[in-house]
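Working notes, beginning with the structure itself.
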Amino acid sequence: MTIYITTPIYYVNAEPHLGHAYTTVVADALARFHRLLGEEVRFQTGTDEHGEKVLEAAREAGLPVKDFVDRISGIFRQTWDGLDISYDTYIRTTAPEHIKVVQEILARVYESGDIYFGDYGGLYCFGCERFYLERELVEGRCPDHLVLPTAIKEENYFFRMSRYQDWLKDYIKAHPDWIRPERYRNEVLAFLKEPLEDLCISRPKRRLDWGIPLPFDGNYVTYVWFDALINYLTGLGYPKGSDFPKYWPGAQHLIAKDILKPHGIYWPTMLKAAGLEPFQHLNVHGYWQMSQGKMSKSLGNVVEPRSLTALYGIDQVRFFFLREMVFGLDANFSEAALKARINADLANDLGNLFARSLGMAFKYRQGLVPAPGTPQALDQEVAGRAQEMAADFLHYFPALEFSKALHGVWEFINHLNRYIVACAPWELAKAPQEAGRLDTVLYHLLEGLRWIAALLRPVMPGSALKMSEQLGLGLALWDQPLPHLLKWGRLTPGTQLQKGPALFPRLEAEG
RNA sequence: GGCGGUGUAGCUCAGUCGGUUAGAGCAUGCGGCUCAUAUCCGCAGUGUCCGGGGUUCAAGUCCCUGCACCGCCA
């Protein structure tokens, strides 16, 4: 089984923000999860570098456009490296191989008769070098230059998108979880109730030359969305090689809700017109709403991902993203909420459970994994709950229900904390005749922690690795597919545990 | 203006097909433990389920309507 996970290619007119980081972390967690299942995964992200707004941003920055896009694209890449994003390919739309693919698709659609030449009229501001919609104007004037726009007509190329409206509607109806969650599927269907307009896919070069030339008319460059969406094909080496046929059937796009229309309507109809199969899933998420509360004094703007990870840690931020937001819905972002998650879930629940369990193993058993005796009811319950947690996790995670998947892990963590109280190992340690009982309890704790580490690996790769090291897990119990790891009792008695610093230090109240 | 979404504890939210006394986490209060990162465990709560009307033996849930906020489209 193969799977191809993509983020949007990010538009380089601005630096990465929280929303970009969320999409990318979700994609990464999914990619890591599927790799852990033993599937072949291709994971792609990158940057979108053509179009008017990029040109404007470069001008404002006082840089030649190529230098500008190199710089911002580099910042995105560094940001992802700083979030442990395990992308396989990083695509840039200014790369020669991408330009070739776009021209190839354009030529193909042109030859099939789905691209035609026609008039395009609108209100144009010469100062901005762009068209405006009525509603974008302020008292009928360009909001930047405060001049009256000129009504002009120009000839352009159009993609005959309307031809595929019925096909698209039928396809969505026949494939209920093609666009998910359902609310976004409904939104696209609602949009398709109205007649679909054809899509203008060119810009005259005299007005904008920062784009990919149309292969059939050198006086025009390609509209930026038509160019950008095709990156998903470029990344698989389309049309040559074996990667495209191998990975495309398992393609899953991840996007935020603001770009639902290009991905839910333009893209599938473009694929259809080019004679290609649709992707497998379009996964759509909501927005982080910035709460009104004051941001930390230490930062001008904490929503910058690199500042967040520097302050709170990579895994802490990744965990917060996946735990706090219900995929598809909006969620609130605040530093207070992030800190609360870190202290309550990571430091107090998981971190402390890990510390007290290993602490007892060192204090009572010299840091060696003891051999368990015959399990009693309480021990059997621990093993049973571990199985439940794993089954739920494997069900929820690929369905993008990260919040539920993690909630289940934390129920197990809480259960282990209660198990410790119920068994009171410190009492067992005082009674020599209870030595076997203490061994059994310690073993169940450590084995439970091994399961937790295995499941959390896609979400918090660095912390999970630390857990595995402190648990003394070798390759045979770590770098293996999940189904191989999730068998109760695989932790080997006699294994030497390792001491380490606190996994998730508690954040003290701000001074 | 059209279409859609949301409104549940102090805060953030879950609530399946209409079915017992509406739940979780955080925050708060009290008690317990000492292995642990002042952590953990137990107990205690607090509700006009946005307002109004309707259907039903039964409504947070379904229907109508009003209000507030949000999104998409024009």
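Here the structure is a predicted model, which means the values were calculated and not measured. Naming: A, B, ... by sequence-line order, numbering from 1 per chain.
With A:E434 contributing its side chain and A:A429 its backbone, the two residues share no donor-acceptor pair below 3.5 Å. Between the A:H444 side chain and the A:A383 main chain, no donor and acceptor come within less than 3.5 Å of each other. Put simply, the side chain of A:W451 never gets that close to the backbone of A:L485: no donor and acceptor are under 3.5 Å apart.
Figure legend. B:C35 is base-paired to no nucleotide; pairs are counted as Watson-Crick or G-U wobble with both atom distances under 3.5 Å. Nucleotide B:A24 forms a Watson-Crick or G-U wobble pair with B:U12, both donor-acceptor distances falling under 3.5 Å. Summarising the base pairing, B:A59 is matched to no nucleotide, lacking a Watson-Crick or G-U wobble pair whose two defining distances lie under 3.5 Å. As the counterpart of B:G42, B:C30 is assigned, both hydrogen-bonding distances of the Watson-Crick or G-U wobble pattern falling under 3.5 Å. Base pairing analysis places B:A68 opposite B:U6; the two distances defining the Watson-Crick or G-U wobble pair are each below 3.5 Å.
Comparing the same atom, P, in B:G1 and in B:U61 gives a spacing of 28 Å after rounding to whole Å. Going from the P atom of B:C49 to that of B:U21 covers 15 Å, rounded to whole Å. Annotation: B:G23 and B:C43 have their P atoms spaced 15 Å apart (nearest Å). Between the P atoms of B:A14 and B:U28, the separation comes to 24 Å (whole Å). Comparing the same atom, C1', in B:C11 and in B:G31 gives a spacing of 26 Å after rounding to whole Å. For B:U55 and B:C62, the C1' atoms lie 8 Å apart once the distance is rounded to whole Å. Distance check on atom P: B:U46 versus B:C40 gives 24 Å, rounded to whole Å. Only the P atoms considered, B:A36 is 26 Å distant from B:G25, to the nearest whole Å.
Distance CD (A:E427) to P (B:U34): 6 Å, rounded to an integer number of Å. Here the P atom of nucleotide B:C33 and the NZ atom of A:K430 are 11 Å apart, to the nearest Å. Atom-to-atom, CG of A:L189 to P of B:C73 comes out at 16 Å; the value is rounded to the nearest Å. We find that CG of A:N332 is positioned 18 Å from P of B:C26, with the value rounded to whole Å. The distance between atom CG of A:L192 and atom P of B:C3, rounded to the nearest whole Å, is 18 Å. For the pair A:R356 CZ and B:U34 P, the interatomic distance rounds to 12 Å; values are reported in whole Å. Computed from coordinates, the A:W410 CH2 to B:C41 C1' distance equals 19 Å when rounded to whole Å. Look at CG on A:D330: it is 9 Å from P on B:G71, rounded to the nearest Å.
Among the atoms of the strands shown, none is found under 4.0 Å from any heavy atom of A:E411. A:A340 comes within 4.0 angstrom of nothing in the nucleic acid, heavy atoms only. Residue contacts for A:L503: at a heavy-atom cut-off of 4.0 Å it reaches a base atom on one of the strands shown. Counting non-hydrogen atoms under 4.0 angstrom, A:N186 reaches nothing in the nucleic acid. Residue contacts for A:R418: at a heavy-atom cut-off of 4.0 Å it reaches the sugar-phosphate backbone alone, with no base atom in range. Among the protein residues, A:N352 comes within range of the nucleic acid bases, having at least one heavy atom under 4.0 Å from a base atom. Within 4.0 Å of A:Y287, counting heavy atoms only, lies no atom of the nucleic acid at all.
Closest contact between the side chain of A:A355 and the listed nucleotides B:U37, B:C35, B:C40 involves B:U37. The side chain of A:K257 lies closest to B:G71 when the candidates are B:G71, B:C26, B:C35. Nearest to the side-chain atoms of A:A502 among the listed nucleotides B:U37, B:C73, B:C41 stands B:U37. When distances are taken from the side chain of A:L329 to each of B:A14, B:C40, B:C33, the shortest belongs to B:A14. Candidate nucleotides B:U39, B:C35, B:U12 were compared by shortest atom distance to the side chain of A:Y364, and B:C35 ranks first. Distances from the side chain of A:K363 to the nucleotides B:C35, B:C26, B:U37 place B:C35 closest. If you check B:U12, B:C73, B:C35 against the side chain of A:K261, the one that comes closest is B:C73.
Phosphate proximity of B:C40 to A:N414: absent, as no side-chain N or O sits under 4.0 Å from OP1 or OP2. OP1 or OP2 of B:U39 has at least one side-chain nitrogen or oxygen of A:R506 nearer than 4.0 Å. One finds no side-chain N or O of A:N417 lying less than 4.0 angstrom from the OP1 or OP2 phosphate oxygen of B:U39.
For the pair A:V25 and A:V317, the minimum side-chain heavy-atom distance is 4.5 Å or more. A:W426 has its side chain within reach of A:I420: a pair of non-hydrogen atoms, C-beta onward, lies under 4.5 Å apart.
Under a 4.0 Å N-O distance rule, the pair A:R385/A:E388 does not qualify as a salt bridge.
Comparing A:G351 and A:D258 by the nucleotide of RNA chain B whose heavy atom lies nearest to each, the residue mapping closer to the 5' end is A:G351. Between A:A331 and A:M360, the residue anchored nearer the 5' end of RNA chain B, judged by the nucleotide with its closest heavy atom, is A:A331.
Taking the six-membered ring where the residue is Trp, A:F226 and A:F159 present perpendicular rings, their angle passing 60° and hence far from 30°.
The salt bridge (charged side-chain N to carboxylate O under 4.0 Å, His left out) test applied to A:D439 returns A:R365, not counting sequence neighbours.
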